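Just so it is clear, the structure is predicted and the values come from calculations on it, not from any experiment. In each ligand, atom 1 is the first atom listed, and ligand 1 is the first ligand listed.
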Amino acid sequence: MNLLEVKDLSVSYGKFRAVDQVSFTLAGGQTLGLVGESGSGKSTTARAILRLVEPAGGQILFGGQDVIQLRGADLQKFRRRAQMVFQDPYSSLNPRRTVAQTVLEPRQVNALATQGWLDRLLQRVGLLAEHANRFPHQFSGGQRQRIAIARALASEPDLVVADEAVSALDVSIQAQVLNLLADLQRDLNLTILFISHDLAVIRQICSRVAVMYLGQMVELGPAEEVCQRPRHPYTANLVSSIPGSSRTVPLIRAEQKTSGGCVFAPRCWKAQSVCWQQRPPMQELESSHEVACYYPLTVEEVVTV
Ligand code: ADP
Ligand code: MG
């Protein structure tokens, strides 16, 4: 069952279209990665899903309910069921609030939250009961992100959107927080939309991955398959830029002017005339592996990438 269905979502900032007809689904209990370089519209997509920015078009269904139409009490309920963890735990935590105050804030039922409940929640994210009365500055970056995760979990959400949640952390700390998220996903049957510009990080935690480029979705499929057999030229470029990748060919060419057509055509080494004229629709290549490209990489090309 899909917990989240995003259909043709578009978001504009004035005349600029930051997200352009993006569609994907996220099954309950699964982790979907959203990857793409900075400025590709990942955060804007997340903000639209959580009703932090108004879409210009499209549909967002959460448990079958149209999120964009939610008002009043239904919107409040949705806000508890869908929580966000941000990149920077320094600015997303209020420095004047203790851990207990921070974590209890979104629960909105403080009276019902017992000491035992708080202790268990802190333990759940790898903190100690005695941390409850301390302030953010008394913690390391990794610990602060655990506090942010505890706050997200406090309202017992179904969906957690983690936007670059480990990007500011050192690699060893990153791995610990990724492990925590994976444990939570499994133990609590959480559904996670995991956003990162780093495909290597996505690969560690996500079962499926969606690749965005300049506001558009270009590839969507099982994470391992997309990493091992990228079919969109842009994804192949992302894969080849993972440190340690044997695929080191720079699959990119100097930018050229474009109007309409494929959003990647100006940098694509495979672009033909149709690519400059018509936006390629998402098409299924193999079961649950889709790509928006007229000339997806062939098996031979993938091997030599
Ligand atoms: P990502 O998270 O993938 O880096 P964003 O969703 O943050 O991408 O941004 C997508 C595009 O929208 C970028 O070009 C960015 O400059 C622009 N953008 C983001 N937020 C705003 C805003 N509040 N006002 C105007 N433009 C914005
Ligand atoms: Mg972002």
Side-chain angles (χ1 to χ4, degrees), residues 4 6-24 26 31-58 60 67-68 82-93 141 144-145 148-149 152 159-169 174 177-178 181 192-206 208-220 223 226 230 232-235 237-239 241-242 252 255 257-260 262-267 279 282 292:
L4 181 68
V6 174
K7 295 179 186 170
D8 293 328
L9 178 69
S10 295
V11 184
S12 297
Y13 297 113
K15 282 187 179 160
F16 176 68
R17 180 142 290 197
V19 174
D20 192 8
Q21 295 190 304
V22 161
S23 300
F24 62 89
L26 177 47
T31 302
L32 172 70
L34 200 52
V35 72
E37 63 199 64
S38 174
S40 56
K42 306 180 300 296
S43 294
T44 302
T45 301
R47 289 164 59 79
I49 291 168
L50 296 178
R51 280 289 298 267
L52 300 171
V53 60
E54 200 68 23
I60 299 163
V67 169
I68 299 168
Q83 292 284 327
M84 187 116 159
V85 177
F86 296 94
Q87 168 169 3
D88 187 359
Y90 293 79
S91 60
S92 69
L93 298 178
R144 287 184 216 211
Q145 209 50 307
I149 292 168
L159 173 69
V160 169
V161 178
D163 189 359
E164 304 278 6
V166 301
S167 303
L169 305 174
Q174 244 183 28
V177 175
L178 286 174
L181 285 171
I192 302 180
L193 180 60
F194 186 90
I195 297 173
S196 177
H197 65 281
D198 188 343
L199 192 57
V201 167
I202 296 254
R203 191 177 186 174
Q204 288 176 53
I205 183 168
C206 298
R208 285 200 311 148
V209 61
V211 184
M212 285 183 76
Y213 182 74
L214 291 185
Q216 299 185 9
M217 182 79 76
V218 297
E219 185 157 4
L220 176 64
V226 169
H232 193 284
Y234 174 64
T235 313
N237 180 60
L238 266 187
V239 169
S241 66
I242 294 178
I252 215 90
E255 186 129 359
K257 283 236 180 313
T258 177
S259 58
C262 174
V263 73
F264 189 62
R267 293 169 73 192
R279 177 175 171 175
M282 276 294 237

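Residue contact annotation: S40 has a non-hydrogen atom under 4.0 Å from ligand 1.
For atom 27 (C) of ligand 1, the protein comes within 4.0 Å by at least one heavy atom. In this structure, atom 7 (O) of ligand 1 is in close contact with the protein, since a protein heavy atom lies within 4.0 Å of it.
Using a 4.5 Å cut-off on side-chain heavy atoms (C-beta onward), F194 and V85 make no contact. Side-chain contact between L32 and V209: absent, with no pair of heavy atoms (C-beta onward) separated by less than 4.5 Å.
With a cut-off of 2.8 Å, the protein N/O/S atoms near the Mg ion (ligand 2) add up to 1.
Close approach of ligand 1 to S38 is summarised as follows: ligand atoms under 4.0 Å from at least one heavy atom of the residue are 4 (O). Below 4.0 Å from some heavy atom of A18 lie the following atoms of ligand 1, by number and element: 11 (C), 12 (O). Applying the 4.0 Å criterion to heavy atoms of F16 picks out, from ligand 1, the atoms 11 (C), 12 (O), 14 (O), 17 (C).
Close N/O approach between G39 and ligand 1 is found [any backbone or side-chain N/O within under 3.5 Å].
For the 3.5 Å distance criterion, the side chains of D8 and Q21 fail to qualify, holding no donor opposite an acceptor.
Residues passing the side-chain hydrogen bond (donor to acceptor under 3.5 Å, both in side chains) test with E164, sequence neighbours excluded: S167, H197.
A perpendicular orientation is assigned to the rings of F264 and Y213, their planes being inclined by more than 60° (bins at 30° and 60°).
Of the possible donor and acceptor atoms, none in the side chain of K42 sits under 3.5 Å from a partner among the backbone N and O of G215. Formation of a donor-acceptor pair under 3.5 Å by the Q87 side chain with backbone atoms of D163 is not found in this model. The backbone N or O of I68 lies less than 3.5 Å from a partner atom in the side chain of R51, making a donor-acceptor pair. Put simply, the side chain of K7 never gets that close to the backbone of I60: no donor and acceptor are under 3.5 Å apart.
Counting heavy atoms only, S43 comes closest to atom 2 (O) of ligand 1 of the residues S43, A48, G215.
From the protein, the heavy atom lying nearest to atom 5 (P) of ligand 1 is T44 OG1, 3.6 Å. Scanning all protein heavy atoms for the shortest distance to atom 3 (O) of ligand 1 gives K42 NZ, 2.8 Å. Given atom 19 (C) of ligand 1, the protein heavy atom at minimum distance is Y13 CE1, 3.4 Å.
The only option from V161, I195, L193, L34 that meets the side chain to side chain contact (heavy atoms under 4.5 Å, CB included) definition with T45 turns out to be L34.
Ion pairing between a basic and an acidic side chain is recognised when a charged N comes within 4.0 Å of a carboxylate O; R208 and E219 show no such pairing.
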